[in-house]
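Down below is the structure, laid out as structure tokens.
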Protein chains: 2
Amino acid sequence: MPGQRSITEAEKLAEAKLGGMPVRHEQMAVVANIYRAASAVRQHLENSVLRESDLTWTAFVVLWVIWVWGESETRHVAEEAGISKGTLTGVSRTLETRGLVRRAGHPSDGRLVLLSLTDEGEELMRRVFPKFNEEEAFVAGQLSDEECRGVADALRRVVLQVEEHGEERRLALLDGAEPAPRRSGRRPKA
Amino acid sequence: MPGQRSITEAEKLAEAKLGGMPVRHEQMAVVANIYRAASAVRQHLENSVLRESDLTWTAFVVLWVIWVWGESETRHVAEEAGISKGTLTGVSRTLETRGLVRRAGHPSDGRLVLLSLTDEGEELMRRVFPKFNEEEAFVAGQLSDEECRGVADALRRVVLQVEEHGEERRLALLDGAEPAPRRSGRRPKA
DNA sequence: AGGATATCGTTCGGGGCCAAATTGCACGAA
DNA sequence: TTCGTGCAATTTGGCCCCGAACGATATCCT
């Protein structure tokens, strides 16, 4: 039976709870499952190949970015790794003290810092990446290559939607009001 | 052109870097995009509806779980919210001090703690959820209902794969070796 | 009854994480 | 020259996060 709904227990409960409310069910389900899948995948990889090499997910992603792009400016690495500059400062420092990453000032612009892998870092990635990729294949084991392509493509459209229209959308939602502070984090000065 | 590959710049670089190495490209791409999409969606929602109500993503998920399931034991909430018991202790305490959640001891089993929403918590969810769902619809805006169902279904299969075979797989990978400690976190006693 | 064992939630240690504030360099204008 | 402006990375504050250790309770076995 193709196109079967395969609704979970939680989704049934939600449906009941929301009784009369109009709800975008498909969109709710896709968001919930994106997040669940991301957590499950991350957890599996951290507890298998990454644990062996004593790397967190984030540390691995940062190494990966520097590996494939070569020596790069930190803001580029942060962007590509999907973390903030502030977070990268800490992570790259840790990787530096472990001898996997080298940081060098930019030759002509003193504000920039360039990150690159040490020989040890290169060697680590050559050793760890194949195992990492094998576990990626494991977690996606119930999906055909064709399905992987389809899902990856759909998720890219989600990312693009947020990247291209997210800010505009958030501004529209505020509708002129001031942006409301964040509870956590450093307090605004004024 | 259906089934088009739509490869990104980063994926091309990775391919080059990996020269001779055999790589499961589709699986690599699907994992990368699951994670990117999850981050993008979380960030958008935290910076729009959740910011207004001064909730983090995790706090919202916890409230949501208690809302749809009703009064629940903490281990159940943690499981369903996808966080560890230890994390839930902190989050639920914060929500308690904000007057959104109530904690009560189990009447017959002194080890258990039950979580439920206060009236204020209920009211908050009735107010926030519709907005949240609207943003879920926004981020999934480039996907048809049919595509949402397809993606959600595929991602459920990923989650299931890890839940059902992940531990077994991790044990097989160790192949008898001791599980290697985690760098961060409390040190084992011995 | 009473001790071993299992299971609960909590505590604790070491990160990760964001965004505001800050610091430091670059570069053009007065 | 010195000042302002702008953009870089870093520091900081408050939260999230996991999993080992812990204390309390429950249950099973004798």
Side-chain angles (χ1 to χ4, degrees), chain A residues 38-39 42-47 50-51 54-62 72-79 81-98 103-115 179-190, chain B residues 38-39 42-47 50-51 54-62 72-79 81-98 103-115 179-190:
Chain A
S39 305
R42 174 174 178 157
Q43 208 128 330
H44 175 72
L45 279 155
E46 285 191 335
N47 287 330
L50 298 183
R51 180 82 79 98
D54 202 12
L55 294 170
T56 62
W57 174 276
T58 304
F60 178 80
V61 172
V62 167
S72 311
E73 302 167 10
T74 62
R75 71 209 147 113
H76 183 179
V77 174
E79 163 76 17
I83 59 179
S84 71
K85 298 178 300 167
T87 300
L88 180 59
T89 296
V91 172
S92 62
R93 216 189 337 246
T94 302
L95 292 173
E96 189 186 25
T97 64
R98 286 189 55 193
R103 13 171 75 232
H106 189 283
S108 69
D109 189 333
R111 292 169 302 179
L112 302 179
V113 172
L114 297 173
L115 299 179
R182 222 176 122 81
R183 182 180 217 67
S184 74
R186 193 157 173 173
R187 293 272 150 270
K189 187 186 178 186
Chain B
S39 305
R42 174 175 176 155
Q43 208 127 332
H44 175 73
L45 279 155
E46 285 191 335
N47 288 329
L50 297 183
R51 181 83 79 100
D54 203 11
L55 293 171
T56 62
W57 173 276
T58 304
F60 178 80
V61 172
V62 167
S72 311
E73 302 167 11
T74 63
R75 72 209 148 114
H76 183 179
V77 175
E79 163 76 17
I83 59 180
S84 71
K85 297 179 299 166
T87 300
L88 180 59
T89 298
V91 173
S92 63
R93 214 190 337 245
T94 302
L95 292 172
E96 189 186 26
T97 63
R98 286 189 54 194
R103 14 170 75 235
H106 189 284
S108 70
D109 188 335
R111 294 169 303 178
L112 303 179
V113 172
L114 297 172
L115 299 179
R182 219 167 172 267
R183 181 180 219 66
S184 73
R186 195 160 172 171
R187 295 269 149 271
K189 187 187 178 186

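As the structure is a prediction and not an experimental result, all values here were calculated from the model. We name chains A, B, ... by the order of the sequence lines, and we start the count at 1 in each one.
A pairwise comparison of heavy atoms in A:Trp57 and A:Glu46 identifies N-OE2, 3.0 Å as the closest pair. Taking every heavy atom of both residues into account, B:Val77 and B:Ser72 meet most closely at CG2-CB, 3.7 Å. Heavy atoms only, all atoms of each residue included: B:Arg103 and B:Thr89 are closest at NH2-O, 4.1 Å. Of all heavy-atom pairs between B:Asp109 and B:His106, the closest is N-ND1, 3.0 Å.
The CG-C1' distance, from A:Asp109 to C:dC25, rounds to 7 Å in whole Å. One atom, CZ of B:Arg103, and another, P of C:dC8, lie 16 Å apart when rounded to the nearest Å. Rounded to a whole Å, the CD1 atom of B:Ile83 is 12 Å from the P atom of C:dG9. What separates CZ of B:Arg42 from P of C:dA19 is a distance of 11 Å, to the nearest Å. Rounding to whole angstrom units, CZ of residue A:Arg111 and P of C:dT22 are separated by 20 Å. A:Phe60 places its CZ atom 17 Å from the C1' atom of C:dG16, with the value rounded to the nearest Å. Between B:Leu88 atom CG and D:dC15 atom P there is a gap of 16 Å when expressed in whole angstrom units. Taking atom CZ of residue A:Arg187 and atom C1' of nucleotide C:dA19, one finds them 11 Å apart after rounding to whole Å.
Counting only heavy atoms from C-beta outward, the side chains of A:Leu112 and A:His76 never approach each other to under 4.5 Å.
Distances shown here put every side-chain N or O of A:Thr74 at or beyond 4.0 Å from the OP1 or OP2 atom of D:dA8. Distances shorter than 4.0 Å separate none of the side-chain N or O atoms of B:Arg51 from OP1 or OP2 on C:dC18. OP1 and OP2 of D:dC17 both lie 4.0 Å or more from every side-chain N or O belonging to B:Ser184. Of the side-chain N and O atoms in A:Thr87, none sit less than 4.0 angstrom from OP1 or OP2 of C:dC17.
Within 4.0 Å of A:Ser39, counting heavy atoms only, lies no atom of the nucleic acid at all. Across all strands, B:Thr58 comes closer than 4.0 Å only to sugar-phosphate atoms, never to a base (heavy-atom distances). B:Gly82 comes within contact range of the sugar-phosphate backbone alone, with a heavy-atom separation under 4.0 Å but no base atom that close.
Listed candidates were D:dA20, D:dT11, C:dC8. Nearest to the side chain of B:Arg186 is D:dA20. For B:Thr89, the listed nucleotide lying nearest its side chain is C:dG9; candidates were D:dC17, D:dC18, C:dG9.
Between A:Gly86 and A:Thr56, the residue anchored closer to the 5' end of DNA chain C is A:Thr56, taking for each the nucleotide with the nearest heavy atom. Position along DNA chain D of the nearest nucleotide to A:Asn47 versus A:Arg93 favours A:Arg93 as the more 5'-ward residue. Of the two residues near DNA chain C, B:Arg75 and B:Gly90, the one whose nearest nucleotide lies more 5' is B:Arg75.
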